[in-house]
Amino acid sequence: MAIIINLDVMMAKRKIGLTELAKEVDITLANLSILKNNKAKAVRLSTLNAICKALQCQPGDILEYVEDKDCEKEQPP
């Protein structure tokens, strides 16, 4: 299973920069950058809520599930 974070896409659509969004969401630039660059292992629902509110979007606009081919091999038949 792979969850892709498309935060950079939504930020571009809304024409908002990293610094401005970080201030609005009240998150550090470093942590927002980790999310934006798809390096995060987890995201708090309160953070996701604040991002969605700031970008006026739905969680599904930011998060995307992509089937991981390696997971298919690990599952028993």
inquiry  = Membership question, hydrophobic clusters at under 4.5 Å side-chain separation (ILVMFWY): are Val9 and Ile5 in the same one?
reply    = no
message = Between Arg14 and Ala54 (side chain of the first, backbone of the second, donor and acceptor by atom type, cut-off under 3.5 Å), is there such a pair?
response = no
inquiry  = Do Ile3 and Ile34 sit in one hydrophobic cluster, given that two such residues count as connected whenever their side-chain heavy atoms are within less than 4.5 Å of each other, even indirectly?
reply    = no
request  = Using the side chain to side chain contact (heavy atoms under 4.5 Å, CB included) rule, take Leu21 and Leu7 through it: C-alpha gap first, then chi angles, then the decisive distance, then the call.
outcome  = CA-CA 11 Å; Leu21 184 59; Leu7 183 57; 4.2 Å; yes
request  = Return the set of residues passing side chain to side chain donor-acceptor pair (under 3.5 Å) with Ser46 (not counting sequence neighbours), or none when no residue passes.
outcome  = none
key: Atom pair CG (Leu29) and CG (Leu18), whose distance is rounded to the nearest 0.5 Å   = 5.5 Å
task = Compare every heavy atom of Glu64 with every heavy atom of Asn6, then report the nearest pair and how far apart it is.
result = ND2-OE1, 3.0 Å
inquiry  = If you apply the rule side chain to side chain contact (heavy atoms under 4.5 Å, CB included), what do you find for Leu63 with Leu48, and how did you get there?
reply    = CA-CA 10 Å; Leu63 303 175; Leu48 183 59; 3.9 Å; yes
inquiry  = Taking the side chain as everything from C-beta on, heavy atoms only, tell me whether Leu35 gets closer than 4.5 Å to Ile62.
reply    = no
request  = Kindly determine whether Ile51 and Met10 satisfy side chain to side chain contact (heavy atoms under 4.5 Å, CB included), including the steps that lead there.
outcome  = CA-CA 10 Å; Ile51 290 170; Met10 280 309 298; over 6 Å; no
ask   = What are the two closest heavy atoms between Pro59 and Cys52, and how far apart are they?
value = N-SG, 3.5 Å
